[in-house]
**Q** 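Please read through the structure below; I'll follow up with questions.
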Amino acid sequence: MIRTRFAPSPTGYLHIGGVRTALFNWLLAKQSGGQFILRIDDTDAGRNVDAALQPILDGFKWLGMDWDEGPEVGGPHGPYYQSQRIEIHKAAVAELLASGHAYRDYARPEELQAEREAAEKRGERFFYDRRWMAADDAAASAMEAEGRQATIRLKMPREGNCVIEDLVRGTVTVAWETEQDHVIARTDGSPLYHLASVIDDHAFGITHVVRAEEHLPNTPRQIFILESLGYPRPQYAHLPYVAEPGGTAKLSKRKLSKYLKNKGFADLLAHGQRIAQRCQIETSEDTFNPVIVDFYREIGFCADALLNYLLLLGWSLDGAREKFTVPEMIELFTLQRVTKSPASFDPQKLLAFQSDHFAGLSDADRLAAVAPFAIGAGLVQSADEPVLASVVAAAGDRLKVAGDIIDFDYCFQDPIEYEAKAFQKRIVKPDDAIGLLQGFRDVVSAAESFDAAAAEKLLKDYCESAEIQIGQIIHAVRVAVTGTAAGFGVFDTLAILGKQRVIERIENAVKKAADA
RNA sequence: GGCCCCUUCGUCUAGCGGUCUAGGACACUGCCCUUUCACGGCGGCAACACGGGUUCGAGUCCCGUAGGGGUCACCA
């Protein structure tokens with residue numbers, strides 16, 4: 001039975017790299033009928049944990065990555081908040097102390113710092129010589145009499161190798177002598193992360209520790225802890241990190257200004273900002289950006305498309321197939337095919353996946369996805385308004401994300417804005433444009449029915465009677481009734497707008513051209 | 001700096017000694033389709049970091065060099 005976990009700290013946001021790690025954990029558990037556990041690493045005494053955790057849980061829910069044990073759902077191994085497990089961690093510390101695998105250390109931070117700097121000055125690496133280690137209770141009392149306080153340190157081995165069999169990296173060997181005597185409990189007795197993590201993984205019955213590679217250097221000390229306690233080793237799999245767009249450094253949420261130099265990243269952010277602004281979506285500068293999962297939910301990405309893209313960031317089936325449904329991901333994912341080198345986050349490819357995925361949905365599904373944005377932007381009052389369905393159907397794959405409905409705002413409301421360049425080129429500049437538009441307006445006024453087919457016939461008949469090619473007028477019509485040079489079919493557009501609006505807009509355009 | 005990891009087109013990757021004049025996808029780009037835009041179709045550009053080995057034969061195995069990255073807290 002495979003049991004995996006993801007252990008977010010309650011920071012208030014879900015990082016894209018974190019999601020990728022969580023996804024691999026989730027997939028691994030799901031494919032074997034195992035469990036995926038969410039443990040909250042809140043030992044940092046973070047204030048307002050609940051508020052900071054909510055966006056993360058919401059992110060998981062949106063993505064459809066359900067957890068079998070953890071916050072909200074509970075489970076047989078709780079509590080799932082690390083801060084509530086301190087007594088368990090302390091007991092482990094005591095056990096380590098009693099068995100001689102750890103010791104009380106009375107060094108003061110300044111003293112250690114001074115030694116560290118001195119070693120650095122000499123060009124040597126700092127190596128703690130256990131100078132303030134309390135060999136026995138008497139020594140401890142003596143140092144406490146001096147006003148010193150003890151941290152608990154691991155008494156790490158100083159010879160031999162720590163050999164890690166990693167499921168993605170193969171065999172990794174680290175000489176024990178390169179390891180420090182890591183602190184596992186502060187002077188106030190509170191246990192540190194690495195200790196807590198090992199204890200909890202064991203308590204939760206985690207069989208596979210799948211995490212980002214920055215944890216690889218921490219693994220020897222964790223192995224020392226668990227072996228000292230007589231725990232079995234879990235299987236380890238260290239994933240390459242997700243790198244910044246166009247770069248090789250680890251993707252971080254704090255380097256936005258740097259990523260903005262990447263065109264794909266900047267474009268995607270701008271795309272999102274435009275949608276957020278039009279749809280009255282409240283955004284915080286902190287979390288509304290392509291490094292954070294919220295961003296995608298808020299502008300109308302499909303969760304499955306994001307998952308599919310993330311799946312390919314460091315994993316491939318065969319180098320040819322790229323599109324996977326979630327059930328297929330679960331079935332086909334293997335750690336064996338995880339890449340060893342970091343994968344750079346490519347916003348353009350993500351958008352391409354989303355665009356493709358969205359185009360593949362039914363009109364009904366796309367309508368449902370688009371509706372909240374149309375309502376938010378004030379385009380319609382409710383999802384039931386027929387015009388919305390018409391626009392969604394006509395727009396087809398021009399909608400890449402649900403929020404893109406705002407691009408067709410001219411289908412819903414007046415007045416419209418005319419793009420200066422298009423207006424000039426299609427209406428002002430051609431000598432005959434105004435006359436033709438007026439003529440077409442008259443034809444429209446006389447029309448009895450006005451669906452797309454009728455509109456097409458109307459325009460074509462008009463061209464015939466005026467003895468012109470359709471190309472001579474159709475651009476002017478489009479610009480006159482939409483204000484823009486690009487969009488879906490003109491006949492669909494005319495039908496959606498309706499006879500009255502078409503007439504009004506043509507008249508407005510003619511007047512505007514005359515004023516110009 | 002120590003330790004550890006990584007290295008195929010701009011990016012994600014396929015490749016597990018010969019089928020590689022290195023394949024697919026995104027991006028870019030040419031043409032076609034077309035009333036615009038988008039889609040689609042057909043093309044194009046573009047990579048094995050370098051140097052030594054091993055081998056009849058190396059992108060594929062070994063060693064070295066270079067480069068990149070991660071990590072070195074009484075953070076998680």
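All figures in this text were calculated on a predicted structure; none of them were measured in a lab. Keep in mind that the numbers below use all heavy atoms, side chains included, and drop hydrogens, waters and symmetry copies. By convention in this document, chain letters (A, B, ...) are assigned in the order of the sequence lines, proteins followed by strands, and residues within each chain are numbered from 1.
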**Q** Start at the 5' end of RNA chain B and walk down; is the nucleotide closest to Lys400(A) or to Ala175(A) reached first?
**A** Ala175(A)
**Q** Tell me what Asp397(A) touches on the nucleic acid: a base, only sugar-phosphate, or nothing, going by heavy atoms under 4.0 Å.
**A** base
**Q** State, yes or no, whether a side-chain contact exists between Tyr410(A) and Val481(A) at a heavy-atom distance under 4.5 Å.
**A** no
**Q** Please check the phosphate of U13(B) (OP1 and OP2 only) for any side-chain N or O of Thr339(A) closer than 4.0 Å.
**A** yes
**Q** In whole Å, measure the gap between the P atoms of A66(B) and G24(B) for me.
**A** 36 Å
**Q** Should Ser316(A) be listed as having a side-chain N or O under 4.0 Å from OP1 or OP2 of A14(B)?
**A** yes
**Q** Provide the Watson-Crick or G-U wobble partner of A27(B), both distances under 3.5 Å; none if there is no partner.
**A** none
**Q** Within the 4.5 Å heavy-atom criterion, are Ile496(A) and Thr493(A) side-chain neighbours or not?
**A** no
**Q** Ignoring backbone atoms, establish whether Arg186(A) has a side-chain N or O less than 4.0 Å from OP1 or OP2 of C75(B).
**A** yes
**Q** Does any nucleotide pair with G2(B) by Watson-Crick or G-U wobble geometry, both distances under 3.5 Å, and what is it?
**A** U71(B)
**Q** OP1 or OP2 of G2(B) less than 4.0 angstrom from a side-chain nitrogen or oxygen of Arg116(A), does that happen here?
**A** no
**Q** Give none if G40(B) has no partner; otherwise give the nucleotide forming a Watson-Crick or G-U wobble pair with it, both distances under 3.5 Å.
**A** C32(B)
**Q** Think Lys250(A) has a side-chain N or O under 4.0 angstrom from the OP1 or OP2 of U71(B)?
**A** yes
**Q** On the side chain of His194(A), is there an atom forming a donor-acceptor pair with the base of A76(B) - under 3.5 Å, no angle test?
**A** yes
**Q** Check whether more than 12 heavy atoms from other residues, nucleotides or ligands sit under 6.0 Å from atom CG of Asp431(A), and answer yes or no.
**A** no
**Q** Just wondering, more than 12 heavy atoms not from Lys255(A) lying within 6.0 Å of its NZ?
**A** yes
